Amino acid sequence: MEALIKQAQAATDELLEKDEDELFERLAVNLRAIAQEPAQSGKFELNASLDVEKLGPLDGLADLGKRYFQNVEAQIHSVVCGAADSQTRAQLANSFGLGREAVAATIAALLVSQVGFAPAVAAVLGTLTIRIFFDPAHKTMCEKWSERIEGMKRA
């Protein structure tokens with residue numbers, strides 16, 4: 001599993017720099033690319049020379065990615081929040097201590113190994129999970145904590 005996480009890390013690190021709409025677009029592009037070139041399905045990062053124009057109309061890519069994410073969101077939730085075996089729970093818990101990059105890579109690797117997503121799709125799904133759920137939760141936690149500290153200063 002560690003080797004799979006390491007492979008996912010390069011892809012998710014690059015993806016974490018993108019905003020949510022760019023991630024949904026990338027998800028749609030990766031899905032289309034794999035449909036047209038199934039040999040690409042085993043890679044976390046698709047061939048850089050892939051001609052996106054050949055994948056069909058580019059209008060509405062973000063919407064296609066959003067719809068796909070909504071269709072598989074329950075599966076992602078099951079892996080992240082319902083990890084049944086202790087090894088999976090430990091891997092996830094350990095990754096949270098290492099930051100969002102490690103969490104995204106771990107989620108991507110788990111989606112490949114436990115659900116069977118293509119690596120290039122799993123990398124985007126793991127990153128979207130961090131962008132949509134982890135980042136806002138972290139921000140809220142820090143805001144609440146700051147309020148607590150300010151309250152203690154006034155007391």
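Everything numeric here is computed off the predicted structure, so don't read it as measured data.
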For the backbone of [Y] and the side chain of [X], can you confirm whether one donor and one acceptor N or O come within less than 3.5 Å of each other?
| X | Y | result |
| --- | --- | --- |
| Q9 | E101 | yes |
| E22 | D19 | yes |
| N30 | A120 | yes |

List, one per line, each side-chain donor-acceptor pair under 3.5 Å for residues 124-132, sequence neighbours excluded.
unit_1 : atom_1 : unit_2 : atom_2 : d
T127   : OG1    : A123   : O      : 2.8
T129   : OG1    : L125   : O      : 2.8
R131   : NE     : K18    : O      : 3.2
R131   : NH1    : D135   : OD2    : 3.1
R131   : NH2    : L16    : O      : 2.5
R131   : NH2    : K18    : O      : 2.5

Hey, are the side chains of [X] and [Y] touching, using non-hydrogen atoms and a 4.5 Å cut-off?
| X | Y | answer |
| --- | --- | --- |
| E14 | R26 | yes |
| V72 | F117 | yes |
| M1 | S113 | yes |
| L23 | E20 | no |
| V121 | Y68 | yes |

Rounded to the nearest 0.5 Å, how far does [atom2] of [Y] lie from [atom1] of [X]?
| X | Y | atom1 | atom2 | result |
| --- | --- | --- | --- | --- |
| R154 | E150 | CZ | CD | 6.0 Å |
| D21 | E25 | CG | CD | 6.5 Å |
| F44 | K6 | CZ | NZ | 13.5 Å |
| E37 | R32 | CD | CZ | 14.5 Å |
| N71 | R67 | CG | CZ | 8.5 Å |

- Would you say I76 and L64 are hydrophobically clustered, going by side-chain heavy atoms of ILVMFWY under 4.5 Å?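 Result: no, two separate clusters.
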- Shared-cluster residues of W145, by chain and number - hydrophobic side chains joined below 4.5 Å: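 Hydrophobic cluster check, W145: joined to I149.
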- Which heavy atom in S41 sits nearest to a heavy atom in P119, and how many Å separate them?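 In terms of heavy atoms, the two residues are closest at O-CD, 2.7 Å.
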Only distances under 3.5 Å count here; give the side-chain donor-acceptor pairs of residues 105-112 to other protein atoms, sequence neighbours excluded, each with its distance to 0.1 Å.
unit_1 : atom_1 : unit_2 : atom_2 : d
T106   : OG1    : A102   : O      : 2.8

